[in-house]
There are 2 protein chains.
Amino acid sequence: MNKREKLKHILSSAGLKATVQRLIILDALSDNYNHPTAENIYKKIKKEYPSISLSTVYNTLEIFRKHGLVRIVNTDSVTVRYDPVTDKHHHLFLEDSSKIEDYYNNELDKLLNKFFSKNKIPNFEINDLQVQIKGKYNKLQTN
Amino acid sequence: MNKREKLKHILSSAGLKATVQRLIILDALSDNYNHPTAENIYKKIKKEYPSISLSTVYNTLEIFRKHGLVRIVNTDSVTVRYDPVTDKHHHLFLEDSSKIEDYYNNELDKLLNKFFSKNKIPNFEINDLQVQIKGKYNKLQTN
DNA sequence: ATTCTAAATAATAATTATTACGAGATAATA
DNA sequence: TATTATCTCGTAATAATTATTATTTAGAAT
């Protein structure tokens with residue numbers, strides 16, 4: 001199964017029609033370059049598919065979100081950032097830039113689950129737990 | 001020291017001129033009604049101080065933020081929400097509404113600190129750790 | 001207490017980000 | 001290949017925020 005077939009399969013599995021626009025947007029998302037905005041996606045795919053409309057990008061991202069193909073990253077900014085990675089993970093927010101990196105740690109997840117099963121919030125049902133880690137790389141680091 | 005004096009002191013301690021507008025905005029914030037937007041604050045204080053300008057509210061909140069009097073809550077929405085509580089805490093995000101509640105737990109903080117001092121992120125200096133807890137209160141709960 | 005001045009405010013324009021709308025195009029099924 | 005519900009494009013409308021600027025003011029210096 002080639003990439004296009006895979007992408008088609010993702011869409012149909014989510015119960016979505018496989019249109020050219022959706023395939024291209026999904027493809028752009030799968031490149032996963034730092035939690036893009038709608039505008040980021042638009043500019044990126046505009047090159048290979050110039051007739052795409054910005055409103056289609058917005059619209060499609062919202063449809064993807066509703067169908068669980070992307071999530072919105074909680075940020076302090078005015079612009080919505082999307083996350084194509086839907087399995088459990090956390091985020092590093094780099095101060096001094098708007099970069100956001102994924103942080104995976106299974107042990108952390110276990111630790112949190114354990115903590116919250118011991119320390120239940122009265123009458124509250126937890127559906128998602130995410131740690132936001134703010135900070136910065138020291139000088140050594142170049143990315 | 002009455003409330004007004006206290007508020008004045010907060011401003012001057014932060015190195016800010018104590019203007020009427022700032023005092024009123026700071027006062028409104030201290031009521032802390034569910035992590036307000038700029039618009040929320042504006043509408044609230046407009047009653048007691050009708051000559052206030054929306055731009056002053058935006059401007060003042062940004063100045064407060066720069067001086068550490070408020071923080072922005074990371075959300076998935078387009079509208080910025082402010083948090084007047086500057087000491088360490090976490091957030092409950094209520095699904096099915098836009099309510100955000102504070103969650104304090106010293107043990108959780110210790111647990112996280114311990115975890116991340118054992119599991120350092122290479123070359124990364126953590127400045128803030130926040131847990132975002134998404135979920136909902138079950139039917140019993142009325143608030 | 002008055003004067004001075006840098007900073008703050010109000011009003012409004014401009015910009016940015018997103019959503020709404022409707023006419024035409026298209027994917028999926030028969 | 002015909003049908004039709006859905007999708008896309010282009011643009012208008014709205015929402016949220018930021019920029020601009022003339023006027024006002026808090027607080028320091030007289």
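Per chain, numbering begins at 1; letters A, B, ... match sequence-line order. Source: prediction; values computed, not measured. Keep in mind that the numbers below use all heavy atoms, side chains included, and drop hydrogens, waters and symmetry copies.
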Could you say whether Y82(B) or V20(B) is positioned toward the 5' end of DNA chain D, judged by the nucleotide with the nearest heavy atom to each? Y82(B)

With hydrogens left out and only the distance checked, is there a donor-acceptor pair under 3.5 Å joining S55(B)'s side chain and the base of dA11(C)? yes

Establish, from distance only, whether the side-chain atoms of N40(A) and T37(A) form a donor-acceptor pair under 3.5 Å. yes

For dA10(C), does either OP1 or OP2 sit under 4.0 Å from a side-chain N or O belonging to T56(B)? yes

Which is true for S51(B) with a 4.0 Å heavy-atom rule: it touches a base, it touches only sugar-phosphate, or it touches nothing? sugar-phosphate

Do D102(A) and H35(A) have side-chain N/O donor and acceptor atoms under 3.5 Å apart? yes

Are more than 12 heavy atoms from other residues, nucleotides or ligands located less than 6.0 Å from atom NE2 of H67(B)? yes

How long is the line joining OH of Y42(B) and C1' of dT9(C), in whole Å? 13 Å

Contact under 4.0 Å: S53(A) side-chain N or O vs dT8(D) OP1/OP2: no

Using a heavy-atom cut-off of under 4.0 Å over every strand shown, decide if Y49(A) touches base, sugar-phosphate, or nothing. sugar-phosphate

Expressed as a whole number of angstroms, how long is the span from I24(B):CD1 to dT9(C):P? 11 Å

Rounded to whole Å, how long is the line connecting atom NZ of K17(A) with atom P of dT8(D)? 9 Å

Counting only side-chain nitrogens and oxygens, does Q21(A) get under 4.0 Å of the OP1 or OP2 atom of dC9(D)? yes

Looking at every strand, decide which applies to I63(B) at a 4.0 Å heavy-atom threshold: base, sugar-phosphate, or nothing. nothing

Take the protein atom CZ of R22(B) and the nucleotide atom P of dA7(C), then report the distance between them rounded to whole Å. 11 Å

Could you pull out the closest heavy-atom pair between S98(B) and R81(B), with the gap in Å? O-NH1, 2.8 Å

Would you tell me if any nitrogen or oxygen in the side chain of T19(B) comes within less than 4.0 Å of OP1 or OP2 on dA8(C)? no

Whole Å only: how far is the CD1 atom of I52(B) from the C1' atom of dT9(C)? 8 Å

If each of L16(A) and V78(B) is mapped to the nucleotide of DNA chain C with the nearest heavy atom, which maps nearer the 5' terminus, i.e. the 5' end? V78(B)

Whole-Å distance separating the CD atom of E39(B) from the P atom of dT18(D): 14 Å

Atom-pair distance (CD on E62(A); P on dA17(C)), nearest Å: 18 Å

On the nucleotide dT19(C), are OP1 or OP2 found under 4.0 Å from the side-chain N or O atoms that Y58(A) carries? no

Side chain of K88(A), backbone of L129(A): donor and acceptor closer than 3.5 Å? yes

What's the closest nucleotide to the N59(A) side chain, out of dA28(C), dC9(D), dT8(D)? dT8(D)

Once you round it to whole Å, what is the distance between C1' of dT18(C) and CG of L61(A)? 12 Å

